Each structure stands twice: as C-alpha cells, then as structure tokens.
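No experiment lies behind these values; they were computed from the predicted model shown.
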Amino acid sequence: MSAAALTVGGVLPGFSARSYRNIPGANERILTGMVGVNSRGAALAGTFAAQKECLIRYVSDTDSRAMTRCIGNLSKIQAVTPTAQPDFRKVLEQKDVDVMVIATPDHWHAPAALLALQAGKHVYLEKPCSHNPREGEMLIASVKKHKRLIQMGNQRRSWPNVMEAIRELHNGIIGNAYFARTWYANSRKPIGTGKAVPVPGWLNYDLWQGPAPRKPYMDNRIHYNWHWFWHWGTGEALNNGTHMVDLARWGLQVSYPTRVTSSGGRYFFTDDWQTPDTQTIGFEFGSKGSITWEGRSANGRYADGASVGVIFFGEKGALQMNGDDGYQVYSLDNKLIKDVKSKVTVNATNTSNPAGILDGLHVQNLFDGIKKGTPLNSDIESGHISTLLVQLGNIAQRTSGVLDTNPRNGHILNNTAAEKLWSRTYEKGWEPRV
C-alpha cells in the first residue's frame, strides 16, 4: 500500500503537502482510482469515498460530463477533491494509487482489470468480471502472476443476513438442498432504431470502444443500452442474473456444470435490442443438483412476491431470498418457520445503487484483504465461475440451445459453433494480455 500521496506521487491540486499531511489517518489511507462513473460507477464512488480509510485520488470516464458530476459529488464526501483524468491508463502510471475500481461497460471489465494488475494495483471489478469466458481465465492467471487481489462486485456475498442464510443452508436447515430457482423481472422500455450521428463532444468514443472492434456511433447505445448488444454487453443474464445465480451456486455448493440449456428471445418489442428480453437458463451439476434462472426484461410481474430472488428447495423445506438482506424458511407444507428481515431497504430494479450502505461491507472486505490478508468474499476464481455459468447460458442461447460442459473447468464439449464464442476478436493493438 502507498505510504501517502505526498511521499510517492505528489499531492492533488489545491492541497499542499502540509495540508494533506494534516488529514487524519492520511498515511494509512487506501488510495483509489475510479474508472467508469456515469451510473453504477458514480454510486460505487460514493460508497468507496464513505469508507474512512479510503481516499479517491483520480476519477476517469470517457464522458467528461459524468467525470465532472462525480468529482463534484465526491468533493462533498471527502476532504480532498479528486483529479480528473479522462484516460484511466494514465492513472495506472501513478504510484499513489493502490486500488482501481472498474465500473465500465462490460467489454472493458477484464481488459481494464488486466492492465491494472500489470500496473501493480488491486482491483474492485463490477460484475460480470468478463465479457467472455476466456477473459475470466486470463484474470485468474493474472492475479496469480502479479500477486494482487480482485474483488468482484457481487456484493451480496458480504451482506450479513445473506451470509447467515447460506450458513443455515449448509448446516441443513432444509436438509439436502438440491435445486435452486432464480429470477429477475423488470419492465424496460424499447430502445428504438438507432441512427448514425456525429460523436458528441463530451465523449471519447475511441477510448469507450477500447478493445472492441470499431463500430460507427449510433444515437441509441450510449449510455446503458450497450447492455443489449453482444458486441459490448452481455444481456440481462449477466447484467442481473449473475447476482442470483451466484447465490444459488454458493448455496448448493456447486461449481462448474455438466450441462447448460437456454431458451427465449427478443419478443416484446421490435427494435435494435439483440440480447433476449425473455430467457430461461438451466444448469445441471450431475447428481449434485440443478439451478434455473428466469429473466424477464420487459415484464415486471413479480415471482413469489419479488422482482428478483432465489429459492432453494431441500428435503425438509425451502429457503427464499428476495434480493435484499433478509430470508425466509418454509416447511414442506408451506408454513413459515423463520423470517429474517433486512435492516436496509433494497430496490433491486434500481440500475445504479440498489443496496446503498450494504455495499460498503463488500468494499471493507476488499480493504481487509489488502491490509490484513483476510480472505475475499468474492475472489476472482469464485467470481469467474459464477460469471461463466451465465455466459454459458448466453452461448447456448446463441447456438444450439444445449451445451455439454466439462465439470472440471466449464469448457464446452463437442460443439464447434459454441466453442467459437469462448473468446472474441479484439481491435488491433488493444488485445488484452496477462
């Protein structure tokens, strides 16, 4: 960890070395850079800045407006105003940065994290950790090579009552748990048919595209709608499915599947949206059990009383979590036998900051990993497996609908078309490396 900004990289504009030295605990701060602060990243920046041992030094975004807004908000939270740096790669050159927080579009997640690891930084990486399975494998290799940490942003792994619920499952509160059903429902609007227009002056579109092969700028993709294009995004399955599938995998104590199926399509509107708005993915884990995920992007009708959730089914009953920090346990005859309430209101359909203060627990776990060697609640190997599951669901959706997979590593078996989607092509000169 950096000793202090004044000793390793100078001080921020407007702050003398003496004034920085007078900030309580400055020598023990974890110095942080943010990249991608338009929506989810802006919320994460506030969460990081609220941690007493954190100081955000730099804010980066290809959208100059988002960068300015974020810095203005952070100046109200922390004593030192962060420096704007439009190109995050220049932040990686700074010695006064310990952690990079990456909340860019999905196609930049793994490439940015790999660059950060190579620069000696720890990483907080929003889910999904990668755009395709090969990138996840590269992240695991890079963490081992550079001996730095990645915490993936599936933050429920650090929520206290969720952790308690998983312990209860593992201790047999519903007997042997063999099946988990997960879902996400929202009523998103159509994105229309895009038109080619000049790139706005506030956007560095070349850097926004980064490792992705170049496409012309269209007026209905930036911001947020990139989620629904395979070129940059990963659909609802990884946008929201990753969270609940991760809980299901954790609860059932399974890793790589033996078989993955997917059905669905873009049914609701006729527009440029490419990924499914309705999708059901099934995961089989041999004799250990199975998981399903149902995604409905355009019909927000609740399932089992919630817009998002997971239900575990076992020999003695069922355990349900509805996306917040609470859970309920039911007997086989549907009687409620335990009800643990969330102390924090969670709005699962909020696209930028659904959980607020609870996310700080996940950040603190990363900080403890850096300072004390505490095991991470979502290290990159675990994060990769959960990400890979839903990536396999998308690959099945885009090819044969059914994949047989190697239970030792998740690799696709005997399906040439599907195997081609294990990785992607990159813009020349932007190829990621370990």
Next on the checklist: Suppose we call two aromatic rings close when their centres sit under 6.0 Å apart. Are Trp232 and Trp226 close by that rule?
Outcome noted: no
Item to check | Aromatic ring proximity His107/Trp208, centre distance under 6.0 Å | outcome: yes
Checklist outcome for this item: With sequence neighbours left out, the residues meeting side-chain contact (heavy atoms from CB on, under 4.5 Å) with Lys420 are Thr416
Checklist entry - So among Phe269, Phe268, Trp273, which one has a ring-ring contact (aromatic ring centres under 6.0 Å, His included) with Trp228? => result Trp273
Next on the checklist: If we count only N and O atoms by modelled type, under 3.5 Å, do the side chains of Gln391 and Ser130 hold a donor and an acceptor together?
Outcome noted: yes
Checklist entry - Can you list the steps and then say if Lys338 with Glu168 is a salt bridge (charged side-chain N to carboxylate O under 4.0 Å, His left out)? => result CA-CA 11 Å; Lys338 187 171 185 178; Glu168 291 274 48; 2.3 Å; yes
Next on the checklist: Within the supplied structure, the quantity of interest is the number of heavy atoms (other residues, nucleotides, ligands) at a distance under 6.0 Å from Asp339 CG; does it exceed 12?
Outcome noted: yes
Item to check | Residues Glu236 and Arg188 bridged, charged N to O under 4.0 Å | outcome: yes
Next on the checklist: Strictly distance-based, threshold 3.5 Å: is any side-chain N or O of Gln78 a donor or acceptor partner for the main-chain N or O of Leu74?
Outcome noted: no
Next on the checklist: Does Arg398 qualify as a cation-pi partner of Trp230, given the criterion of NZ or CZ under 6.0 Å from the six-membered ring centre and within 45 degrees of its axis?
Outcome noted: yes
Next on the checklist: Any carboxylate oxygen within less than 4.0 angstrom of a Lys/Arg side-chain nitrogen, looking at Lys341 and Asp325?
Outcome noted: no
Next on the checklist: What verdict does the ring-ring contact (aromatic ring centres under 6.0 Å, His included) test give for Trp108 and Phe88, after you've listed the backbone C-alpha separation in whole Å, the side-chain angles of each residue and the deciding distance to 0.1 Å?
Outcome noted: CA-CA 12 Å; Trp108 252 122; Phe88 81 96; 5.3 Å; yes
Next on the checklist: Any salt bridge linking Asp61 with Arg69? Criterion: basic side-chain nitrogen under 4.0 Å from a carboxylate oxygen.
Outcome noted: no
Item to check | Ring-ring centroid check Tyr178 Phe312, cutoff 6.0 Å | outcome: no
Checklist entry - If you round to the nearest 0.5 Å, how far is CD1 of Ile30 from CD1 of Ile370? => result 4.5 Å
Next on the checklist: Please determine whether a side-chain nitrogen of the Lys or Arg among Arg157 and Asp246 lies less than 4.0 Å from a carboxylate oxygen of the Asp or Glu.
Outcome noted: yes
Checklist entry - Are Arg181 and Phe313 in a cation-pi setup, meaning NZ or CZ lies under 6.0 angstrom from the ring centre and within 45 degrees of the ring axis? => result no
Item to check | Pair Arg214 + Asp206, salt bridge at N-O below 4.0 Å | outcome: yes
Item to check | Intermediate values then yes/no, salt bridge (charged side-chain N to carboxylate O under 4.0 Å, His left out), Lys343 and Asp324 | outcome: CA-CA 9 Å; Lys343 295 181 180 179; Asp324 60 8; over 6 Å; no
Item to check | Ion pair check, Lys90 and Glu93, cut-off under 4.0 Å | outcome: no
Checklist entry - Above 12 or not: heavy atoms from other molecules or residues under 6.0 Å from CG of Asn414? => result no
Checklist entry - Should Glu431 and Arg433 count as an ion pair when the cut-off is N to O under 4.0 Å? => result no
Checklist entry - Can you tell me how far the OG1 atom of Thr387 sits from the CD atom of Glu135, to the nearest 0.5 Å? => result 11.0 Å
